[in-house]
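Since the structure comes first, as structure tokens, the remarks are kept for the end.
Throughout, protein chains are lettered first and strands after them, A, B, ... in sequence-line order, and every chain is numbered starting at 1.
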Amino acid sequence: MPRYNPSEIEPRWQAYWDENQTFRTPENPGQKKRYILDMFPYPSGDGLHVGHPEGYTATDIVARFARCQGESVLHPMGFDAFGLPAEEHAIKTGEHPRVQTQRNIDNFTRQLKMLGFSYDWDRMVATTDEDYFRWTQWIFLVLYDTWFDAETQKGRPIAELPIPPEIATKGESAIGRYQDGQRLAYQDDALVNWCPALGTVLANEEVQDGKSERGDHPVKRIPLRQWMLRITSYADRLLDGLENVDWPFGIKKLQQDWIGRSTGAEVDFFVGDEAAGAAWAEERRSSGFPSEQSGQALRVYTTRPDTLFGATYMVVSPEHTMLEQLTTQTQSEQVREYCEKASFKSDRERADGDRDKTGVFTGSHATNPVNGQPIPIWVADYVLAGYGTGAIMAVPAHDERDFEFAKQFGLVVIPVVDPPADHPQRDQIMAGEGCFAGQGNAINSDAFDGQETNAVKAAVIGMLCEQGVGSEAVNYKLRDWLFSRQRFWGEPFPILHEVDGDGNLTGAKRAVPDRDLPVCLPELEDFKPHGRPEPPLAKADDDWLYVTLDGKRYRRETNTMPQWAGSCWYYLRYIDPKNDQALVDPGKEQAWMPVDLYVGGAEHAVLHLLYSRFWHKVLYDRGHVSCPEPFGKLVNQGMILGGVEFSGYLNQAGQPVSSKQVKRNAEGDRIGPDGSIVKSSTLSEDVVEKKGESFVLKSDPGIRVDSRAFKMSKSRGNVVNPDEVVREYGADSLRLYEMFMGPLEATKPWAMNGVGGVRNFLDRVWRMMVDAKADELVLAAALSDQACDADQNRMLHTTIKKVTEDTESMSFNTAIARMMEFTNFFTRADCRPKEAMQQFLVLLSPYAPHIAEELWQLLGGNESIAKQPWPQWEKEALVESSIEVPVQFNGKVKVKIQVAPDVSKEVLLQTALEDPKVLSLLEGKTIVKQIVVPGRLVNLVVK
RNA sequence: GCCGAAGUGGCGGAAUUGGCAGACGCGCCGGAUUCAAAAUCCGGUGAGGGCAACCUCAUGUGGGUUCAAGUCCCACCUUCGGUACCA
């Protein structure tokens, strides 16, 4: 029986494409190029998730569409294969991570090929390949060799870094240290999660509530020498670059907020002896504002210098370097205790929790530079060490956090900004009993009284500058990127640390020479932790660990790079994946970059996309790439949720409780109206019905039930496996369904019925061309060599137009709807011109490539349909002989009239007014106004 | 709290510059075919009213602009996603 059988057709065409290298990328693009990129997956042991093919199908459609239009297409795929799970697996089983990774890559490759994606598999890369990470290491060395010239806002070779004379005179090693302090890749002490019980350093994701996720052991935060990347230098460049890319507004906003640029002022508050205050101020007036803060002053950053008159106290973070100096004897015990408690809290704990503010008085005071008032200095963990100067001036009247803190500890509140007259809490605020963070006119601010916020800001900064106690300043939320991990399964750093005769580190470093790249991972006996707070690579044999170069002995860096490293630049390697002389050939890079379309999940909105933009800009500054931004157009696919679930609630007695009455108590448990905890239970679709706004039990309409789709997860058991969908419906159906579900960007629930629906469509397409009743595979009798009649021609050409436009704009769901209409129309026709069928198959081929190839061949095509030119629509064919135009009375449609499509305004109105129905409706009424939109409608306003 | 996205039939979703709300699909109902079923084909399907032609009401809620609002403006509600003391 010649029925549509995807399980037979699909593997056959996949093999054909493989053998014929149908989707091989031209080495250099022709007239028009399109680089279409997917975010490559982490090859997890679970295999492909239905979320993967969503974005992959979208890009595949665009790629196949562009090829048919004669463009040169680069559409590659690879694997982001370093990562924690493979290492966990290795620790447990002793199997090398490489083995498991390879197995997973093979499985992913099989699944991706099963879906018929038109990737150029010859260009596949995996970040774990030695000839890939050789270049990851090479780029790291570019970062290591670069400093950021703030003046030109450009990264430059470290050799070009001007050395200040006072450093130059101190000799080689001083110069080396100075350079190290300026490199984009540098070392610093940072806190890591050390778990003594497990004997290993943990990633942040592996720590929950201060305990290890595995085994629930306590985790301590200890400082360790770490590699950092100076991404903050590029903050302005990363911000400005966003203006020139075609990205969703939301993602740009997210990146902007992440970078978090703010402008304000740095201000020094005198903290020395009262007696020395006048001399200090005098000295500052002549010397000006120093770039580094000195011991006699506490420096703060503020975005509201205009509120300086309202600064009634100061706060330093528990980690502030001046804290000890500021703490008086009587307070020292309290302060010490407070800081110790704070140090046990993780970043997350400090942020979460009840948010009740805590803090301790240091015992000392500072002098407010604008009015000479002494104000107390506190220490509190609501001030972060890593932002600004790690200290603030507190203006409780105009900052929510300061206000809360002041209330709690009974500190003075002085309003210095008068809110707008219509502000509901103006009286409270003016009385110092409320907080107002907006703008207004200054009060209680001496000479500045009455001036508007922005004017006061500028004036105060001017005054501070003059006195040498303040200066304009810019700050960013963005922090430097902590780039090292204490892990085995990552790229080793190509860095050598010099050791002296006794085997101790001298502090000097050097890059591994280019010719010695890649630095491969050492062979280890096993992957178990060695029990020291050091990376696992420290377990390696001395053969690997120690290197002699130019007569000096070195120890290798034992940290590895984070998973982000490999994904920062993979889009460049696809362009020239086998090049062993350079990461990419400059000519090819120039020809293919930038990426024209980049599709992936929104979870990478900040980190991955920011990191790779940063690397790209460094490579750009150093002349290794030709464009300033890597990704021209970005699209975020929406999440695919599991099927809709209905859930009802049962009380202790097993009685159903309406979801309307279910609330959450303080512990987060669901409770019924009587306050007792209720249990949620999943209901099948046929015991519920819609009533009004919500769903209720059929058996008891008084009981409301919740209906919702959830994120797919193993624990919920709602994960859909692509292998099963392909087995049951075929890859073309899966592709088509994922595109038909709704707009690509939307979050959508899965419904297996819907897959059946698109499969039904493909069955109809099959029967439109194949005789389903014959024993052999023969064309349907209705197929004919005749030309289309006018109606058929119009159907064909409107379909070509719609599918072309919708595919270009990535409105895949409506393109598919139109192809369904085409199929419904021609299935009904007794005569189906082959010409129309062939053109239709080309339209269908990007969406459902296997069935399109099969039917194309059956209709006599002898080359892959992927090589066919995209059909063109003819304007003349779209024209209809007559159209229906509604005639409205007072905006409501009452009558419909038939007119020629190109009818003029006058004729349209006249036709409408002559229509017998219109005439009868007009009886006894007068037309007040008439609106005529040619080809659209007639609206008569009558009385 | 803040930021972002979104609320349209039983469900997923369509709807050019404001111009016939509900394309297409699922589900459901009816019919044809069949000994019967599956499959297929044809028709119907927002709600309420009427024998009917038709009428009334409908795009989260309440206002507004307009000849005309799902679409524009104002206020609010709900859901989802992100984020969290950044001075």
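Taking side-chain N and O atoms only, A:Arg767 has a distance below 4.0 Å to OP1 or OP2 of B:C41.
Between A:Asp236 and A:Arg261, at least one side-chain N (NZ, or NE/NH1/NH2) sits under 4.0 Å from a carboxylate O, which counts as a salt bridge. Using a cut-off of 4.0 Å between Lys/Arg side-chain N and Asp/Glu carboxylate O, A:Asp306 and A:Arg304 are scored as salt-bridged.
Using a 4.0 Å heavy-atom distance criterion, A:Arg479 is classed as a base contact. Across all strands shown, A:Glu884 has heavy atoms under 4.0 Å from base atoms, whether or not it also approaches the sugar-phosphate. Across all strands, A:Ser262 comes closer than 4.0 Å only to sugar-phosphate atoms, never to a base (heavy-atom distances).
Using Watson-Crick or G-U wobble geometry with both donor-acceptor distances under 3.5 Å, B:C35 finds no partner in any strand shown.
For A:Lys929, the listed nucleotide lying nearest its side chain is B:C67; candidates were B:C54, B:C67, B:G19. Each of B:U17, B:C24, B:A87 was ranked by its minimum atom distance to the side chain of A:Arg936; first place goes to B:U17. For A:Phe695, the side-chain atoms get nearest to B:C11 when compared with the rest of B:C3, B:C41, B:C11. Nearest to the side chain of A:Lys748, among B:G13, B:A14, B:G27, sits B:G13.
Between A:Tyr737 atom OH and B:G12 atom P the separation is 11 Å, expressed in whole Å. Computed from coordinates, the A:Asn813 CG to B:A14 C1' distance equals 8 Å when rounded to whole Å. Here the P atom of nucleotide B:G81 and the CG atom of A:Leu641 are 8 Å apart, to the nearest Å.
B:A21 and B:U40 have their C1' atoms separated by 33 Å, with the value rounded to a whole Å. Across B:C24 and B:C42, the matching P atoms stand 13 Å from one another, rounded to whole Å. As rounded to the nearest Å, B:G82 and B:G27 have P atoms that lie 33 Å from one another.
By the 30° and 60° cut-offs, the orientation of the rings of A:Trp378 relative to A:Phe409 is tilted. The aromatic rings of A:Phe826 and A:Phe822 sit tilted relative to each other, their planes meeting at an angle between 30° and 60°.
Annotated as syn: B:G9, whose glycosidic dihedral is within 90° of 0.
Side-chain contact check for A:Thr232 and A:Asp480: at least one donor-acceptor pair (N or O, by modelled atom type) lies under 3.5 Å.
The base of B:C67 sits within donor-acceptor range of the side chain of A:Asn939, with an N or O pair under 3.5 Å.
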